[in-house]
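The structure appears below as structure tokens.
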Amino acid sequence: MTATTARRVLLAAPRGYCAGVDRAVIAVEKALEQYGAPVYVRHEIVHNKYVVQSLEKKGAIFVEETGEVPPGEIVIFSAHGVAPVVHEEAERGKLATIDATCPLVTKVHKEAVRFAQDDYDILLIGHEGHEEVIGTSGEAPDHITLVDGPEDVDKVEVKDPSKVVWLSQTTLSVDETMETVDALKTKFPNLISPPSDDICYATQNRQTAIKQVAAESDLVIVVGSKNSSNSVRLVETALAHGAKDGHLVDNAGEIDEKWLDGVSTVGVSSGASVPDILVEGVLEWLAERGWSDVDIVKPVDEHITFSLPKELRRDLRTEAAGKVKE
């Protein structure tokens with residue numbers, strides 16, 4: 001790279017925390033303040049290593065299964081949602097529950113229940129083993145078939161081709177999902193779509209921004225954990241839309257300086273479960289190496305917020321009322 005080559009960073013916006021993640025993380029923090037440690041959380045509250053470790057330091061205990069929570073304790077369900085059987089397990093264990101499921105995931109759950117009641121075959125587009133897919137499938141296991149990408153379409157079988165609907169995991173690539181939908185429509189011409197797009201607004205917005213960034217970038221760095229579906233999709237989207245190279249990192253410490261060889265423009269974004277402090281660390285790392293000129297790429301605005309889980313709102317209101325009486 002010559003000394004005269006301009007070095008710049010294109011910073012995608014929106015990026016980082018979505019409303020559902022923000023709500024879930026705050027729910028754990030408020031629960032710890034309200035009830036004291038420990039508070040148990042079933043699975044990672046969101047798919048980000050830094051967030052999970054930060055909450056552990058504050059007194060959150062993360063467990064894989066509801067049965068690991070001692071009777072009478074509080075358990076918080078993660079933003080990815082859980083199947084009805086998990087609520088039943090909590091009830092049997094006499095656990096107090098706080099449901100931090102993202103409202104957009106809850107919407108998909110309700111769609112699954114409604115279509116199952118009408119005896120539809122539900123083709124759920126998503127990744128096998130992902131917590132969100134497990135939770136949604138649990139709402140109507142006898143009616144749901146998982147379709148993990150276009151290559152799965154050939155082996156899909158349904159009871160009645162005239163009563164088929166597709167739903168999707170909320171964190172997928174928009175482009176890949178529609179490719180799968182198109183393949184399903186070819187096989188099942190009467191396939192109907194959900195009443196509203198299942199892929200969440202934040203996933204779509206971050207993919208829209210990364211497409212613009214990628215078109216002008218030699219290298220794209222996405223901050224996010226490897227088990228974060230939407231973060232992985234951002235790297236794939238960047239590579240599919242012009243980025244010459246792309247990598248997923250949990251933090252600046254995982255960046256390899258060799259990636260910068262021959263690079264003038266670096267695109268930066270982050271997944272929907274990533275706090276901005278980690279992006280700031282990447283920008284500082286790049287600035288120290290000559291990439292200090294940062295331009296914001298913001299194709300869409302984002303202003304959505306969600307209220308806290310109803311269980312927390314109820315107890316916080318009760319506490320506030322008690323203080324007023326005092």
Side-chain angles (χ1 to χ4, degrees), residues 1 5-18 21-22 24-26 28-29 41 43-62 64 78-80 130-131 171 173 202-203 206-207 209-210 213-214 216-240 242-297:
M1 185 168 64
T5 303
R7 297 177 175 181
R8 62 173 180 156
V9 173
L10 296 180
L11 181 61
R15 65 181 179 279
Y17 271 14
C18 63
V21 164
D22 195 41
V25 173
I26 292 174
V28 178
E29 293 172 340
V41 185
H43 290 170
E44 294 185 352
I45 188 69
V46 295
H47 284 158
N48 185 266
K49 204 181 294 184
Y50 175 90
V51 172
V52 169
Q53 290 172 351
S54 298
L55 292 172
E56 282 178 331
K57 289 174 185 173
K58 295 178 180 179
I61 297 176
F62 292 87
E64 283 303 304
S78 78
H80 309 105
H130 190 279
E131 283 101 319
T171 55
S173 156
T203 298
R206 280 147 192 72
Q207 289 176 18
I210 203 69
V213 166
E216 299 183 54
S217 297
D218 303 303
L219 165 70
V220 166
I221 296 172
V222 174
V223 186
S225 293
K226 290 176 176 59
N227 64 338
S228 166
S229 176
N230 76 89
S231 299
V232 172
R233 300 292 87 72
L234 284 176
V235 178
E236 293 173 353
T237 301
L239 291 170
K244 298 180 180 65
D245 191 16
H247 297 275
L248 182 66
V249 300
D250 260 303
N251 52 58
E254 294 185 358
I255 302 173
D256 187 338
E257 287 204 47
K258 292 177 182 174
W259 299 343
L260 296 172
D261 289 349
V263 166
S264 60
T265 301
V266 180
V268 175
S269 186
S270 59
S273 50
V274 177
D276 223 34
I277 188 172
L278 299 179
V279 177
E280 290 165 9
V282 168
L283 295 177
E284 289 170 9
W285 188 95
L286 289 168
E288 289 167 1
R289 289 155 181 80
W291 280 264
S292 56
D293 182 9
V294 179
D295 293 328
I296 307 291
V297 177

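In this chain, residues are counted from 1 in sequence order. In this text the structure is predicted, and so the values were computed from the model without any measurement.
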From CA spacing to verdict: side-chain contact (heavy atoms from CB on, under 4.5 Å), Ile255, His247: CA-CA 8 Å; Ile255 302 173; His247 297 275; over 6 Å; no

[atom1]-[atom2] distance between [X] and [Y], expressed to the nearest 0.5 angstrom:
{"X": "Lys49", "Y": "Ser228", "atom1": "NZ", "atom2": "OG", "value": "12.0 Å"}
{"X": "Leu234", "Y": "Ile221", "atom1": "CG", "atom2": "CD1", "value": "13.5 Å"}
{"X": "Ile210", "Y": "Leu239", "atom1": "CD1", "atom2": "CG", "value": "9.5 Å"}
{"X": "Glu288", "Y": "Leu283", "atom1": "CD", "atom2": "CG", "value": "11.0 Å"}
{"X": "Ser217", "Y": "Arg8", "atom1": "OG", "atom2": "CZ", "value": "7.5 Å"}

Which pair of non-hydrogen atoms, one from [X] and one from [Y], has the smallest distance, and what is that distance?
{"X": "Asn230", "Y": "Ala272", "value": "OD1-N, 2.8 Å"}
{"X": "Val222", "Y": "Ser231", "value": "CG1-O, 3.9 Å"}
{"X": "Ala24", "Y": "Val46", "value": "CB-CG1, 4.4 Å"}
{"X": "Asn227", "Y": "Glu44", "value": "ND2-OE1, 3.1 Å"}
{"X": "Val223", "Y": "Val274", "value": "O-CG2, 3.2 Å"}
{"X": "Leu10", "Y": "Glu216", "value": "CD1-CB, 3.7 Å"}

Heavy-atom side-chain proximity of [X] to [Y] below 4.5 angstrom:
{"X": "Leu260", "Y": "Val266", "result": "yes"}
{"X": "Leu219", "Y": "Trp291", "result": "no"}
{"X": "Asn48", "Y": "Leu278", "result": "yes"}
{"X": "Leu11", "Y": "Val279", "result": "yes"}
{"X": "Leu55", "Y": "Glu29", "result": "yes"}
{"X": "Val232", "Y": "Leu248", "result": "yes"}

Aromatic ring pairing His130/His47, orientation class (parallel under 30°, perpendicular over 60°, tilted between): perpendicular

Charged tip of Arg289 within 45° of Trp285 ring normal and under 6.0 Å: yes

Val282 and Val9: CA distance, side-chain angles, deciding distance, side-chain contact (heavy atoms from CB on, under 4.5 Å) verdict: CA-CA 11 Å; Val282 168; Val9 173; over 6 Å; no

Stepwise side-chain contact (heavy atoms from CB on, under 4.5 Å) test for Trp259 and Val249: CA-CA 12 Å; Trp259 299 343; Val249 300; 3.8 Å; yes

Main-chain N/O of Gly16 paired with Arg206 side-chain donor or acceptor, under 3.5 Å: yes

Side-chain donor or acceptor of Asp218 paired with backbone N/O of Thr265 under 3.5 Å: yes

Tyr50 atom OH, neighbour heavy-atom count above 12 within 6.0 Å: no

Intermediate values then yes/no, side-chain contact (heavy atoms from CB on, under 4.5 Å), Arg233 and Thr203: CA-CA 9 Å; Arg233 300 292 87 72; Thr203 298; 6.0 Å; no

Pair Asp276-Arg15, salt bridge (Lys or Arg N to Asp or Glu O under 4.0 Å): steps then yes or no: CA-CA 8 Å; Asp276 223 34; Arg15 65 181 179 279; 3.1 Å; yes

